[in-house]
Structures are given as structure tokens and as C-alpha cells.
Amino acid sequence: MKKFYLLLLVSTMAVSAYAQNSDWFYATTDSQSAQTLKSEFPEQIQILETKNSVSAVYMTKEVSVKLKENGNLHGPGYIFRKDKNSAIGAINKVNESNMKILDFTIDQDAYVNQVIGQPDATNIGNTIVTLQNYGTRFNTKPTGVQASYDIKSWWQGMADDAGRGDITVEAFNHGFTDQISVILTIPGSEFPDEYVIIGGHLDSGDYWIQNYAPGADDNGSGIATLTEILRVLLANDFHPKRTVQIMGYAAEEIGLYGSADIAESYANANKDVKSVVQFDMTNYNGSAFDIAIIADGAYTSGVLNLYLIDLLEHYNSSGEHQITYDFSYCGYACSDHVSWTENGYMASFPFEAAMGEDNPNIHTTNDTYEAMGSTAVHSVKFAKLGLEYLIETAKVANMGTNDTDAPNLMIAVKDRNLIYDLGNLTPYTNSVVVFDAAGKKLIQKDKLDVKGSVSLQGLPNGFYIAVFKDKDGKAYSKKFLIK
Ligand code: BES
Ligand code: ZN
């Protein structure tokens, strides 16, 4: 939780200096801040309604800046609301997300194991550098608008290059800014009306001059993580049963504006969003553990948080993909997951470090790739978690295999036994897992000899996949048929 120096700063300002420009808008903010502003700048803010320590307000742009002037350059602020109804509606909305029962399962081992080693730090680093080179991606700046359109073109180009005419990449236009949000959609084959979403904000910002935050970590790292997740999914011909969307949100830094607009329109259209995971700041390795699961009760879904931990435990408890985690707390509406939570959807926010151990350079000129040691190794862990989450919640419709990767690995089926020869894969530390075509795990055998067999007794006729892992955890899959 960030310290809040509002009173100190506000009391030194002269009211008259802010009375000229009257650019009014609706927002919600904590009631204490609203009260403070009201007493210091009575002409600049109206408090419309207060509930559970949150106030719906109508205020000027000038006075809203005061909510940002605290020692850490971020912290409790306000959330933009597009009109009076949504401001008042927001403080009266029951947080439904924690009431939903999570029916998510973990059974896509074959596909997840195939992709989990593929996210690449160099790719993520290159994207971060490309994004910081815009200078600023503040939503009102030409470079910020350009960056939003460029991200759309990159994602579209990646889908095109993969020959995926089924994937769409769309601009979500906002009334408030020329910057667009970008929405990539991989349509679900079986449940196209059920959505699972990952996203992060594509703008950058600071609260003073608004033109000098390169935003490498905040949130170039999140966009780069999403882009790498997309690359890996495309490389593995991912076709989900549920619809998957990857979103780059506009104008987060001025009050979660882009994501609020999208989440509200989804709620108004009654879209069945199963859950949403936010990637905002993934690359600063500031804590003794890898991933901080932000667990603010009012703003994140407790069950979805636990599901993410289940995924980490299931896939990363040992070996090459080990990822450690702990809970942490923003203590305020700190990022776009809040927009989804407020519209009744389940959302979580896996974050780069414990609060207070996160990147101290955000919202300044120093938020650069170089300041993070010119490596994106930390973000790779978030790409892995993102892949696990999308694959397990959307479920694969087609089990891809990478037969060609292990040319010396031979299998055959004889008398309902799987006969194998590991070839050049190192013996004794290998394992094999047999899955059915839906990705359900059926048999596991560890500590394999170079040549051997696995009993397939009791399995019905049909297609199966055997996933062999070498001692480094790298997976090789082979299809086979029992007939
Ligand atoms: N990435 C930050 C949020 C953040 C910063 C979370 C540090 C945890 C630690 C985000 O872009 C941001 O700046 N959020 C604003 C609030 C928002 C409502 C404008 C903030 O934290 O001040
Ligand atoms: Zn920020």
C-alpha cells in the first residue's frame, strides 16, 4: 500500500490557479480523498454519492491531478466513469465475482507440456525495447496513439503469417482518447460464446508533464508477455474450445479508462466471460519469489487466484519450469483487472514482485529495459503462467504434436503395449505420460530404460498421445493408435 501525501500537497496550492479551465468528468474515488478535495477545492468537485468508503464524484481535470500527487508517483487515485449513471452504478454494484463457483479443471497436460518450454526471453526483451522506443505511449500523445495502432498491426501480422484467417484483431475505439484498445480473438470451436481473456495496458504515463515515460516495465513488459504468449500459441496451432481474447488496453494510466469501457460494454452485452487475467509489470525481479498474486479482496477473485496457484503447483512444482509465488496486495484499484471485477467478472492480477519491492522507476524517464538489466527472464515466468491459464480454461480442440522434434524417439503399439526406444534422449531420468485425444492424462511411467514398454491394457480403441520428457523437462509428443 502506497503512502498518500494528498493533504500536504493540496494545501500548498492556490484554489484560484485551477479555476479557469473547467474540463469536468465523472469518476469514483475513495471517500476520504473526495472529502479532502471538496474542502480544499469546493468549486472543483461534486460528491454525488458515497457507499462503503467509495464516492462517485464529478470533478475537473485539474483537481483530479491532485489525487496523483503522492510520493511514489502512483497509488490511490480515481477510476474514470463515462457518465453519472456509471459512476453511481459502480459504487452500488455488488462484487459478484467471488460468488461464482469456479468449475475450472487442470487436464490439458499434453498440450501445456508441449508449449511450456517455448516462451523466450529474447523475444520479450525485443518487444519491450521496441515499445520503450516510442518515448512515451501516453494516450494523448501522437506516439501513444501510433503505438496502439502498431500493436494491432503486429498481432494481425502474426496471425496472418500463421495462416490463421479465423483470428481477428480489432480496434476498440474510445470516446475519450484517440488511442485504441486492441482485441485479438481466437474463436472457440465448441463454446464460442464463452470467453477467457488475458490483457494488459498498452499506454504508459507519468503524472507531471505526461510526455516522458517510456514504460518499459509499466507496461511494455505486459504487452511483450502477451505478444510472446500469442507467438507460442500460433506456433503450436492452438485451437481452443472456448473463445480466447488477448487485449491491449488504452489509457489505463489516466484511470483504467480503456478497460473500464470494454468491461462495461461486455457486461451490457451480457457476454459470458469466464475469467480474466491481467498482466501489468512482469519484468522487474524484486522479490525472493517469482510471482506475487495480488489478492485484494474487493478487486480480485479469490477462487481465480487459487486456480492460478493450482496451475503453478501442477506444472511448475519442480524442474526447469519451477515458479515460486506468494500473495501480495495493492490496497487500491491499481490496474485493469479492477474494471472486470467491477463488472461482475472474475479477475486476477499476477504481479512482478511484492508490493514495495516492485520496480521503483515506473512513471519516470528511468522505466527502461536497461534499468531492468537488459534481460526479460522474469517475464518468461508470466508467459508460462499465461499459457497454462489460457490452455486450461479454454481447453484445446486439437491436440497438436511435435513428432518431428525427436527424430530418434521411436514408438509402436503391439498387443496393447506401447513399445518405445528413446534413442538419443538420456535414459533413466525420462518419463512418459499417455493422454487421450482430449488431453486427459491416463498413464504415467517414470525412470524409463532406453528401450521398454508401457501397458495399455484397458484403454479403448482410438487415438492417443504419448508425451516423453527428457531430464531437462523438455517434452516430445508422439501420436499412436490402438485398434
Ligand atoms: N502498473 C501500475 C499499477 C501498479 C504499480 C501496481 C505499482 C502495483 C505496483 C498501473 O499502470 C498504474 O500506474 N496504476 C495507477 C492507478 C490507476 C487507477 C491509474 C497507480 O497505481 O497509481
Ligand atoms: Zn502505471
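Small disclaimer: the values here were computed from a predicted structure and weren't measured. Atoms within a ligand are numbered from 1 in the order they appear, just like the ligands themselves.
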Q) Any donor-acceptor pair under 3.5 Å linking the side chain of Thr300 with the backbone of Ala347? A) no

**Q.** Backbone N/O of Phe289 and side chain of Ser287: donor-acceptor pair under 3.5 Å
**A.** no

List every atom of ligand 1 that sits less than 4.0 Å from any heavy atom of [X], numbering the atoms from 1 in the order shown and giving each element.
X	answer
Asp280	1 (N), 2 (C), 3 (C), 10 (C), 11 (O)
Tyr78	18 (C)
Tyr332	20 (C), 21 (O)
Ile362	5 (C), 7 (C)
His201	11 (O)
Met355	8 (C), 9 (C)

Q.
Are the side chains of Tyr389 and Val196 in contact, using a 4.5 Å heavy-atom criterion?
A. yes

Q: Would you tell me which option among Gly222, Ala353, Ala333 has the nearest heavy-atom contact to atom 18 (C) of ligand 1?
A: Ala333

Q: Just go through Asn219, Thr29, Leu256, Val338 and tell me whose heavy atom is the nearest to atom 17 (C) of ligand 1.
A: Leu256

Q.
Does Asp178 have more than 12 heavy atoms from other residues, nucleotides or ligands lying within 6.0 Å of its CG?
A. no

Q: Kindly compute the distance separating CD1 (Ile294) from OH (Tyr299), expressed to the nearest 0.5 Å.
A: 13.5 Å

**Q.** His363 contact mode with ligand 1 (heavy-atom cut-off under 4.0 Å)
**A.** side chain

**Q.** Side chain, backbone, both or neither: the part of Glu252 lying under 4.0 Å from ligand 1 by heavy atom
**A.** both

Q. Can you say whether the rings of Tyr78 and Phe25 are parallel (under 30°), tilted (30 to 60°) or perpendicular (over 60°)?
A. tilted

Q: Give me the ring orientation class for Phe172 and His174: parallel if the planes are under 30° apart, tilted from 30 to 60°, perpendicular past 60°.
A: tilted

Q. Any N or O on Ser335 sitting closer than 3.5 Å to an N or O of ligand 1?
A. no

Q. Would you say Glu252 reaches the Zn ion (ligand 2) with an N/O/S atom under 2.8 Å?
A. no

(Q) If the contact criterion is a heavy-atom separation under 4.0 Å, does Cys334 count as touching ligand 1? (A) yes

Q) Hey, does Asp358 sit under 4.0 Å from ligand 1 if you only count heavy atoms? A) yes

Q | Sequence-distant partners of Phe349, ring-ring contact (aromatic ring centres under 6.0 Å, His included), two or more places apart | A | His337, Phe351

**Q.** With the Zn ion (ligand 2) as the apex, the OE1/NE2 angle for Glu253 and His363 - to 10°
**A.** 90°

Q. Hey, are Asn236 and Gln114 close enough side-chain-wise for a donor-acceptor pair under 3.5 Å?
A. yes

**Q.** Which atom of Asp218 approaches the Zn ion (ligand 2) most closely (N/O/S)
**A.** OD2

**Q.** side chain to side chain contact (heavy atoms under 4.5 Å, CB included) partners for Ala371, two or more places apart
**A.** Asn361, Thr368

